[in-house]
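Everything below concerns the one structure shown next.
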Protein chains: 2
Amino acid sequence: MKHYEGYLIDLDGTMYRGLEKIEEALQFVEKLKEHGIPYLFVTNNSSKRPEQFAQVLEDFGLATSAEQVFTTSMATANFLHEKKPGASVYAIGGEGLHSALTEKGFQLVEEKADAVVIGLDREITYEKLAKACLAVRNGAMFISTNGDIALPSERGLLPGNGALTSVISVSTQTEPIFIGKPHSIIVEQALTELGTSKEGTLMVGDNYDTDILAGIQAGLDTLLVHTGVTTRDMLIEKMVQPTYVLDSLADWKLNK
Amino acid sequence: MKHYEGYLIDLDGTMYRGLEKIEEALQFVEKLKEHGIPYLFVTNNSSKRPEQFAQVLEDFGLATSAEQVFTTSMATANFLHEKKPGASVYAIGGEGLHSALTEKGFQLVEEKADAVVIGLDREITYEKLAKACLAVRNGAMFISTNGDIALPSERGLLPGNGALTSVISVSTQTEPIFIGKPHSIIVEQALTELGTSKEGTLMVGDNYDTDILAGIQAGLDTLLVHTGVTTRDMLIEKMVQPTYVLDSLADWKLNK
């Protein structure tokens, strides 16, 4: 195995599964720390603030600071700040999205928005979707934090943000700009944040369609771990294989 | 103009626009009555019961009975009764859909449904969409009352039932069976209800993409009136033109 100067690491399915920690992954990150190798957690979950994810890892016994977490809400706010600084924004989503946008100085409005941003919202209503459709038809930039169609839960696969986003895209016949994995916007930003090169950074995750494709499309080496979504059988059908495939991160050797 | 033995007539945009009546259309139906020519109102609006639509027309001065209204909720209940009599149904939608299903004897359930039916629901929630996705992934038959992507309102175009339906179809990667116009299921049933032949029945409506396409696909002659959605400019781009195009139903002559 090649030496990597930095790691981008997925959270759900990779570091933990819901409320259950993945011990091998936590030990792997402890080793990165010991060796002083930079890493950044990168998540498509837009609903929480980075300090909340850090707390989840802390609760699993891994000392983590908010600066080590990069969410698609942060990437969305950065992207919008670059493309439309000072825009008024109509945002559908959770606390993580709203705080990322306001921290970047965006004004959140209900009408006449310059941009519409949608992230997973478990309090979705017809009125929220109606406002988003009206704004997009009126020319607002249309951004979605991520295109995940399904969300694993103990009940089964629930609708993801990509499925909610489709209400607006189908109704207005306008495609959104997707920020999260597998799209490269979040990966490019995470690399800048981490300060490592594409060639020297490994993307680690459990989901081929988001984590691994994001790495492949951004030109990074990738490591798929079978601790979450993508099984061996699902992987067989994929045209482009990950650089590495492991049952768990216990099998990964750090070469210094 | 040819003589037609029966008429299928759209409601919103054809007989009225929201709260505003279309006088020429009301007079046209009065003439059908005088001549004893059978007609049936056919609507993609799943939210109300037929007697409620009849009351709307009554309020505009046109005596109408519930039997003269055929809704996509009724067509949905008929279709399901034919395909899966006795099925347990998880239904998302308004009063019109729920009453059409229970009148056909279907048991409405929250879990372990044999069929999922979705009609426009302005009280849509994440939990409703989640239940629908779980049932469809579990093998339930998936039916949508209609695929309308947008709904005209005084505020602009709001999300239609086809847009809401896409949450379930995108998340589960399962296409629904659409019942309403332009799909032929509703037209075939409406013809049976009216008791006239395909060749002898005219489909009348304001919306090319629903009313007129429904007629074309079911093999009926069609009459587009420019009193609602489809403008002259929009019509130019259509490959298959309606049999007749009029500014209003005042210009239609009944040949006996």
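Letters A, B, ... are given to chains in the order of the sequence lines, protein chains preceding strands, and every chain is numbered from 1. Given the structure is predicted, the values throughout are model-derived calculations rather than measurements.
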### Query
In terms of heavy-atom proximity below 4.5 Å to chain A, should D148(B) be classed as side chain, backbone, both, or neither?
neither
### Task
Please state whether the side chain, the backbone, both or neither of L120(A) comes within less than 4.5 Å of a heavy atom of chain B.
side chain
#### Entry: Separation of E127(B) CD from I124(A) CD1 (nearest 0.5 Å)
14.5 Å
Check: residues 129-145 of chain B side-chain donor-acceptor pairs under 3.5 Å, at least two apart:
| unit_1 | atom_1 | unit_2 | atom_2 | d |
| --- | --- | --- | --- | --- |
| K131(B) | NZ | E110(B) | OE1 | 2.7 |
| R137(B) | NH2 | S171(B) | O | 2.5 |
| S144(B) | OG | N146(B) | O | 3.2 |
| S144(B) | OG | N161(B) | ND2 | 3.1 |
| S144(B) | OG | T165(B) | OG1 | 2.9 |
| T145(B) | OG1 | N161(B) | ND2 | 3.3 |

### Message
Can you tell me how far apart CG (L151(A)) and OH (Y126(B)) are? Round to the nearest 0.5 Å.
### Response
5.0 Å
### Task
Flag the one option from L158(B), T172(B), L157(B) with the top tally of heavy-atom pairs under 4.5 Å to chain A.
L157(B)
### Message
According to side chain to side chain donor-acceptor pair (under 3.5 Å), who are the partners of E103(A), at least two apart in sequence or on a separate chain?
### Response
none
#### Entry: Largest heavy-atom contact set with chain A, pairs under 4.5 Å, which of P159(B), A163(B), S153(B), G156(B)
P159(B)
### Message
In the structure I gave you, are the side-chain heavy atoms of V167(A) and L164(B) within less than 4.5 Å of one another anywhere?
### Response
yes
### Query
What's the spacing between T125(A) OG1 and E123(B) CD if we round to 0.5 Å?
9.5 Å
